[in-house]
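Have a look at the structure below before the remarks.
One is the number of the first residue; the rest follow in order along the sequence.
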Amino acid sequence: MAASPDQVRAVIDNYCKAWSSGDKALLLSLFAEDATWEDPVGSPAFVGHAGISQFWDFAHPADAGRQLTPVPHQKIACGNEGILRFTMQVRIPAENKGLDLLVTDHFEINDEGKIQRARAFWDEGCVSCPEGMEMFIPDMSDAHG
């Protein structure tokens, strides 16, 4: 049975919760074992829990003091697919550095209620520096190791 819009909304809510709470186990539990995640679209996909875990670890390097907070602007659920428009606020308080990234995520949810495919749409025009902070720009090429 295909995922319903209510299931899609619940997945999107838990996706936001995982990022805001730093809960890697929750994030991984939302994805199918063989899921793919393009972030950003056009870059090589992260595949399966190992690839998604690698992306999480890139976003949360040990001892970096990095905080990631998604600020949702819009959630749309149609059938077994969903869109999340949000700003990912990245902060490194100890260095007074930050980044605001406007992202549009597209999710396809499988029959088991897991994310089968995730695609993040953003480019350089989606990046801004928080007021009063220095710009933080991660090297996305490091995301794939």
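- For Arg119, the side chain to side chain donor-acceptor pair (under 3.5 Å) partners are Glu38, not counting sequence neighbours.
- Residues meeting the side-chain contact (heavy atoms from CB on, under 4.5 Å) test with Asp23, sequence neighbours left out: Ser21, Ala25, Leu26.
- Listed by first and then second residue, the salt bridge (Lys or Arg N to Asp or Glu O under 4.0 Å) pairs that reach into residues 46-60 are Lys24-Asp57, sequence neighbours excluded.
- In this view, His60 and Trp19, Trp56 satisfy the ring pair (Phe, Tyr, Trp, His ring centres under 6.0 Å) rule, not counting sequence neighbours.
- Minimum heavy-atom separation, Asn96 to Gly132: ND2-O, 3.0 Å.
- In plain terms, the two heavy atoms of Gly65 and Pro93 that are nearest each other are O-CD, 3.5 Å.
- Contact check for Cys129 versus Leu99: no side-chain heavy atoms found under the 4.5 Å cut-off.
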Please set out all donor-acceptor pairs under 3.5 angstrom arising from side-chain atoms of residues 71-79, sequence neighbours excluded.
residue, atom, partner, partner atom, Å
His73, NE2, Thr87, N, 3.3
His73, NE2, Thr87, OG1, 2.6
Lys75, NZ, Asp13, OD1, 2.6

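- Every residue meeting the salt bridge (Lys or Arg N to Asp or Glu O under 4.0 Å) condition with Glu95, not counting sequence neighbours, appears here in chain and number order: Lys97.
- Contact of the Glu81 side chain with the Val8 side chain is not registered, since no non-hydrogen atoms from C-beta on lie closer than 4.5 Å.
- Not counting sequence neighbours, the partners of Asp100 by the side chain to side chain donor-acceptor pair (under 3.5 Å) test are Arg91.
- Cluster membership for Leu28 and Phe31, using ILVMFWY side-chain heavy atoms within less than 4.5 angstrom, is shared.
- Contacts classified as side-chain hydrogen bond (donor to acceptor under 3.5 Å, both in side chains) and involving residues 131-142 (residues at least two apart or in different chains) are given here: Asp139-Ser141.
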Exercise for review: Show your reasoning for whether side-chain contact (heavy atoms from CB on, under 4.5 Å) applies to Cys126 and Val103.
Suggested key: CA-CA 7 Å; Cys126 299; Val103 181; over 6 Å; no

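- Met140 is connected to Val127 through a chain of hydrophobic side-chain contacts under 4.5 Å among Ile, Leu, Val, Met, Phe, Trp and Tyr, so both are in one cluster.
- There is no path of hydrophobic side-chain contacts, each under 4.5 Å, that joins Leu101 to Val41.
- With a 4.5 Å cut-off on side-chain heavy atoms, Ile83 and Asp105 do not count as touching.
- Here Lys17 contributes atom NZ and Leu27 contributes atom CG; the two are 13.0 Å apart, rounded to the nearest 0.5 Å.
- In plain terms, the two heavy atoms of Gly113 and Val11 that are nearest each other are O-CG2, 3.5 Å.
- Residues Pro130 and Gln89 fail the side-chain proximity criterion, which asks for heavy atoms closer than 4.5 Å.
- Summarising the geometry, atom CD belonging to Gln7 is positioned 10.5 Å from atom CD belonging to Glu112; distances are rounded to the nearest 0.5 Å.
- Of all heavy-atom pairs spanning Lys114 and Ser29, the tightest one is NZ-O, 2.5 Å.
- Not a single donor-acceptor pair under 3.5 Å links the side chain of Gln67 to the backbone N or O of Ile92.
- Within the structure, ring pair (Phe, Tyr, Trp, His ring centres under 6.0 Å) pairs that include any residue of residues 96-123 comprise Tyr15-Phe107 (at least two apart or interchain).
- With sequence neighbours excluded, the residues that form a ring pair (Phe, Tyr, Trp, His ring centres under 6.0 Å) with Phe46 are Phe55, His144.
- Shortest non-hydrogen contact noted between Ala35 and Ile115 is CB-O, 3.3 Å.
- Leu68 and Ile137 fall within the same hydrophobic cluster, defined by Ile, Leu, Val, Met, Phe, Trp and Tyr side-chain heavy atoms under 4.5 Å apart, directly or through other members.
- A search for side chain to side chain donor-acceptor pair (under 3.5 Å) contacts involving Arg9 returns Asp6, not counting sequence neighbours.
- By the side chain to side chain donor-acceptor pair (under 3.5 Å) test, Gln116 pairs with Asp34, Asn110, sequence neighbours left out.
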